[in-house]
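The structure under discussion appears below in the form of structure tokens.
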Amino acid sequence: MSRTPFDPDKKRRVFDAAARLFARKGFEKTTVDEIAEAAEVAKGTVYYYFKGKEDLFLFLVEEGMAILKDRVRGAVRGEKDAGRALRRALRTQLRFFREYRDVCLIVLTEAWGTTARQEKLQQMIGDYYTVLEEIVDRGIAEGVLRARDSEVVCGALFGMTVMVALHFFRRPGPADWDLIGDELENILLRGLLSSGSGT
């Protein structure tokens, strides 16, 4: 018997419901029953396409990171100037985390540990870094960037963007995301100290 293709609408509903619940309750406290109920599908439908909650979690993060990679690649495609490419990558990351805030929360709350799930998530983040490293390495080679270690730069670009986005998700009231992007650029791409300050 051939396997029925996943209905795109159901797939999106399961994706959204799982992301929302994992972000709010955490992986351990979320059940497949709750995901199915929130997605308005039968529990058996979830198990038909996924081996279990672990499989669904990894699918969720993999899908999210794939979207982020595609968007950043699209944003910098054809841009010859490494500085402008980094600015585009930074702004694209920020927009992604605004749109997929639950994925942002999951990455922050679930990535850091030693379980197989957490290690797989760290591997996915590392895989995303390769997209940024292409830009950073080019900028270093061209003398556009003062940095020496692209891995450190990629960790800063990703980590700071995630943490700043999370901070403003938690604050009451609307956030000025254009201003937030400007400030991230100032800190990450132009440096925080003004000329002549510090040592």
Side-chain angles (χ1 to χ4, degrees), residues 15 19 23 58-113 118-171 173-199:
F15 181 98
L58 292 176
F59 163 79
L60 166 71
V61 177
E62 195 167 10
E63 286 284 297
M65 295 306 292
I67 292 168
L68 176 58
K69 282 167 59 177
D70 287 346
R71 289 191 179 183
V72 171
R73 281 190 177 126
V76 304
R77 188 173 292 120
E79 178 54 69
K80 303 300 183 185
D81 184 278
R84 281 197 294 267
L86 273 179
R87 286 185 178 89
R88 290 183 184 181
L90 177 63
R91 297 282 182 159
T92 301
Q93 282 186 156
L94 191 58
R95 281 193 298 271
F96 170 83
F97 286 124
R98 285 176 60 195
E99 184 177 348
Y100 291 91
R101 60 183 293 165
D102 290 333
V103 174
C104 174
L105 292 167
I106 290 166
V107 167
L108 282 172
T109 58
E110 300 292 341
W112 317 117
Q118 290 164 327
E119 289 172 357
K120 179 69 174 174
L121 180 48
Q122 291 165 22
Q123 181 183 339
M124 290 179 197
I125 295 170
D127 183 52
Y128 168 65
Y129 282 5
T130 62
V131 177
L132 298 177
E133 281 174 351
E134 293 174 14
I135 307 166
V136 174
D137 286 339
R138 181 157 49 93
I140 293 172
E142 294 171 358
V144 174
L145 301 178
R146 292 174 293 173
R148 292 175 294 174
D149 190 317
S150 59
E151 187 176 1
V152 173
V153 176
C154 292
L157 281 166
F158 181 80
M160 190 175 288
T161 306
V162 170
M163 289 302 296
V164 168
L166 177 64
H167 172 75
F168 284 96
F169 292 159
R170 299 296 195 190
R171 282 188 60 190
D176 186 339
W177 291 99
D178 289 332
L179 177 61
I180 293 166
D182 291 342
E183 293 290 9
L184 282 170
E185 277 193 23
N186 284 332
I187 296 167
L188 288 167
L189 304 183
R190 287 190 280 273
L192 190 59
L193 292 177
S194 60
S195 178
S197 298
T199 56

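Bear in mind the structure is a predicted one, so any value in this text is a computation, not a measurement.
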Next on the checklist: On the six-membered ring of F169, is R101 placed so that its NZ or CZ lies under 6.0 angstrom from the centre and within 45° of the ring axis?
Outcome noted: yes

Do you know the tightest heavy-atom contact between [X] and [Y]?
X    : Y    : value
D102 : A19  : CB-O, 3.5 Å
I140 : S150 : CD1-N, 4.2 Å
R84  : E79  : NE-OE2, 3.3 Å
M65  : I125 : CE-CA, 4.1 Å
V72  : A89  : CG1-CB, 3.9 Å
F97  : C104 : CD2-CB, 3.3 Å

Counting C-beta onward and ignoring hydrogens, is there a side-chain heavy-atom pair between [X] and [Y] closer than 4.5 Å?
X    : Y    : answer
F168 : L94  : no
L188 : M160 : yes
H167 : R171 : yes
V61  : V103 : no

Item to check | Candidate pair R91 and D182, rule salt bridge (Lys or Arg N to Asp or Glu O under 4.0 Å), full reasoning | outcome: CA-CA 9 Å; R91 297 282 182 159; D182 291 342; 2.4 Å; yes

Checklist entry - Between L132 and Q93, does a side chain to side chain contact (heavy atoms under 4.5 Å, CB included) hold up when you go through it step by step? => result CA-CA 11 Å; L132 298 177; Q93 282 186 156; 3.7 Å; yes

Between [atom1] on residue [X] and [atom2] on residue [Y], distance to nearest 0.5 Å:
X    : Y    : atom1 : atom2 : result
L121 : E119 : CG    : CD    : 11.0 Å
E142 : D137 : CD    : CG    : 11.0 Å
E62  : M124 : CD    : CE    : 4.5 Å
C154 : Y128 : SG    : OH    : 8.5 Å
K120 : D127 : NZ    : CG    : 9.0 Å
E133 : L157 : CD    : CG    : 11.0 Å

Checklist entry - Do side-chain atoms of R138 reach the backbone of K80 as a donor and acceptor pair under 3.5 angstrom? => result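 Between the backbone of K80 and the side chain of R138 there is a qualifying donor-acceptor contact (under 3.5 Å).
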
Item to check | Within 6.0 Å of CD in E151, more than 12 heavy atoms from elsewhere | outcome: no

Checklist outcome for this item: With L86 as partner, the option from V76, L145, D81 fulfilling side-chain contact (heavy atoms from CB on, under 4.5 Å) is L145

Item to check | Parallel, tilted or perpendicular: ring planes of F59 versus F15, cut at 30 and 60 degrees | outcome: perpendicular

